[in-house]
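Keep in mind that what you see is a predicted model, and the values were worked out from it rather than measured.
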Amino acid sequence: MTGAGGAGHERVTGEPVTGPGARRFTSVDPRTGETVGHYALRTPEEVENTVASARAAGEWWAGLGFGGRAARLAAWRRHLVRHFDELAHLVCAETGKPVDDARVEVTVAVEHLSWAARHAERVLGRRRVPSGWLMANQVSTLEYLPLGVVGVIGPWNFPVLTPMGSIAYALAAGNTVVFKPSELTPGVGRWLAASLAESVPERELLHTVTGAGDTGAALCRSGVDKISFTGSARTGRAVLHACADSLTPVVLECGGKDALVVGENADLERAADAATWGGLSHAGQVCVSVERVYVVEAVAEEFLRLLAERVARVRPGGEPHADYGPMTDPAQVDVVRRHLADALERGGRALVGGVNSVRPPYVEPVVLVDVPEEALVSAEETSGPVLVVHRVPDLDTAVARANSGRHALGAAVFAGATGADVASRLRAGMVAVDGVLTFAAVPALPFGGSGESGFGRVHGEDGLRGFARAQAVVRRRFRPLLNPMTFAGRARAVRRLGRLLRLRYRR
């Protein structure tokens, strides 16, 4: 297996692209423009053939049972740990993020893989459930069986962690996986598939199909048993449309416009630190980045002073120890520039940075104030190192304004002893109290949102069950005293049943 080093240390990876009319594309290091690898643009026919191969391997994989699968996933986990830096440097090369950020990403992904493998049997395995007084003569069991083949369409910002939140849980549930990585990070997808094949050589359990939007659409129409998608709401709608004809179920994570609420009892030093990290780390290219801050007026001046001090010290760059890297997707630079220009035209002020902070492929940190809620930077996902701070009179107003947007993915709260109460009032799938982004690193917690942020969940028990089908089985163990489910003597049984019902629920 080959990886890629940092800027200035090009190591081309990829795959052979052969055959008449074969087409390919190139992944590049966004910091330097250097080639990282060459990859095939897979056709719909190739995608269908890949799904068929995955389905054949799936019969063997499902037949291993939880113990057999857990042992093999543990072997994959050990392989990932042994090749930890190799994978991190490849992530660094294709996304441009500092290698330490890539190392953290790989670490959390490995933890998710471990949790899914260890807990799958407890969550999904067959268990008895109460039959109730009506069916006391029956033994009732519930179990969750594999779906078959799961298609995963991953993003470019976290090319290991985000898809692994579906891949690991789908595999642990007994499915095989066909993974379509972003066209910006195909090398990471190929590396993950090769690493599992090396760890579990008996069958190919994780297949990668590389390409652009057409390849993703082909995967949606290929006959997979479920699609797990992470990306924009616009592309998410296209995924739903492609899956509609076959009624293929879908889990969508379509980004967020996450809010941080700061109350007057907050630890302002910690809140300013958290806002700086939550808004600027990974160049703000995180689905749960802090993009909006609602701070109570009583502490707004002090919070803004602390925030500006911290943000002014943060610098992007391509060197290993930069605070964050470039915009991975060149098109996102224009989105950030447009949002900034719109905010300033509507009367917003730049407390730190401004439109001139956009220096492709980098965007220097920006803090905006006095921005109206209808501005693009307040309402739409910016996905850049931009923080918009709104002053509000009280926590009630902060909660109302945080809940007013179309997105509902994550949120964060700094409000002293009332933090947990405020968190329960926020319309978000996940909330961090006295922290930011922490929920993504807890494997037992479900991850996902609602509204424009999508639906369905990955991670945790919900994530495991999301990649399985529930099967309820009821087995008769003795003859019932009353049997209304027969034509013989039914009227008498129903009368007695009615008397029993009135006795049971007369109070």
Side-chain angles (χ1 to χ4, degrees), residues 6-7 28-34 91-102 105 155-159 182 184-185 231-232 255-258 260 272 274-293 304 307-346 348-371 375-389 436-437:
V28 300
D29 187 324
R31 299 165 296 183
T32 63
E34 293 176 308
V91 171
C92 177
E94 287 199 316
T95 66
K97 67 177 64 177
V99 70
D100 280 348
D101 285 350
E105 177 182 349
W156 45 261
N157 56 347
F158 285 85
S182 167
L184 300 178
T185 55
S232 70
K257 191 71 181 175
D258 287 15
L260 167 62
T276 303
W277 172 259
L280 306 182
S281 62
H282 301 275
Q285 300 171 112
V286 187
C287 59
V288 287
S289 286
V290 174
E291 297 200 17
R292 302 176 290 154
V293 180
L304 285 168
L307 179 66
E309 286 179 355
R310 286 155 174 76
V311 170
R313 294 195 291 263
V314 177
R315 291 287 182 268
E319 64 276 9
H321 299 295
D323 293 311
Y324 62 84
M327 305 303 289
T328 303
D329 184 353
Q332 198 62 32
V333 174
D334 293 331
V335 174
V336 174
R337 183 187 287 113
R338 179 166 53 88
H339 282 199
L340 291 175
D342 175 75
L344 296 174
E345 288 172 6
R346 292 174 183 267
R349 293 187 300 114
L351 192 66
V352 179
V355 174
N356 291 334
S357 298
V358 181
R359 305 174 186 273
Y362 300 97
V363 177
E364 295 176 354
V366 178
V367 177
L368 299 175
V369 294
D370 302 331
V371 177
L376 296 175
V377 76
S378 295
E380 297 182 4
E381 186 175 24
T382 302
S383 196
V386 180
L387 282 163
V388 183
V389 182
V436 289
L437 283 63

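Side chain of Tyr362 to main chain of Gly318: a donor-acceptor pair is present (N/O by atom type, distance under 3.5 Å, no hydrogens or angles). Lys257 contributes a side-chain N or O that, together with a main-chain N or O of Glu380, makes up a donor-acceptor pair within less than 3.5 Å.
Smallest separation of non-hydrogen atoms from Arg31 and Asp29: NH2-OD2, 2.6 Å. For the pair Ala343 and Ala375, the tightest heavy-atom approach, listed with the atom from each and the gap, is CA-CB, 4.5 Å. Listed here is the closest heavy atom pair of Thr95 and Thr328: O-OG1, 2.8 Å. Scanning both residues, Met327 and Pro385, for their nearest heavy atoms gives SD-CD, 4.2 Å. When all heavy atoms of Ser182 and Trp156 are compared, the pair lying nearest together is OG-CB, 3.5 Å. Residues Gly348 and Val371 share a closest heavy-atom pair of CA-CG2, 4.0 Å.
Using a 4.5 Å heavy-atom cutoff, the side chains of Pro159 and Val91 are in contact.
Atom CD in Glu291 sits 10.0 Å away from atom OG in Ser378 (nearest 0.5 Å). Within the model, atoms CG of Asp258 and CZ of Arg292 stand 8.0 Å from one another, a figure rounded to the nearest 0.5 Å. Note that CG of Asp329 and OG of Ser383 are 9.0 Å apart. Values are rounded to the nearest 0.5 Å. A distance of 7.5 Å separates SG of Cys287 from CD of Glu381, quoted to the nearest 0.5 Å. Rounding to the nearest 0.5 Å gives a distance of 9.5 Å between CG of Leu376 and CD of Glu345.
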Between Thr382 and Leu340, does a side chain to side chain contact (heavy atoms under 4.5 Å, CB included) hold up when you go through it step by step? CA-CA 9 Å; Thr382 302; Leu340 291 175; over 6 Å; no
message: Using side chain to side chain contact (heavy atoms under 4.5 Å, CB included), reason through Leu387 and Val290 one step at a time and then give a plain yes or no.
response: CA-CA 7 Å; Leu387 282 163; Val290 174; 3.8 Å; yes
- Check step by step if side chain to side chain contact (heavy atoms under 4.5 Å, CB included) holds for Gln285 and Lys97. CA-CA 10 Å; Gln285 300 171 112; Lys97 67 177 64 177; over 6 Å; no
Practice task
Show your reasoning for whether side chain to side chain contact (heavy atoms under 4.5 Å, CB included) applies to Val366 and Val355.
Solution key: CA-CA 9 Å; Val366 178; Val355 174; over 6 Å; no
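Residues that satisfy the side-chain contact (heavy atoms from CB on, under 4.5 Å) test with Arg349, not counting sequence neighbours, are Val369, Asp370. Checked against side-chain contact (heavy atoms from CB on, under 4.5 Å), Val99 has the following partners two or more places apart in sequence or in another chain: Ala88, His89, Cys92, Arg103. Partners of Glu319 by salt bridge (charged side-chain N to carboxylate O under 4.0 Å, His left out), not counting sequence neighbours: none found. Remark: Arg338 engages no residue in a salt bridge (charged side-chain N to carboxylate O under 4.0 Å, His left out) (not counting sequence neighbours).
Among pairs with a residue in residues 351-363, those fulfilling salt bridge (Lys or Arg N to Asp or Glu O under 4.0 Å) read Arg359-Glu364, at least two apart in sequence or across chains.
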Quiz: residues 276-283 side-chain donor-acceptor pairs under 3.5 angstrom, not counting sequence neighbours:
from	atom 1	to	atom 2	distance (Å)
Thr276	OG1	Ala272	O	2.8
Ser281	OG	Trp277	O	2.7

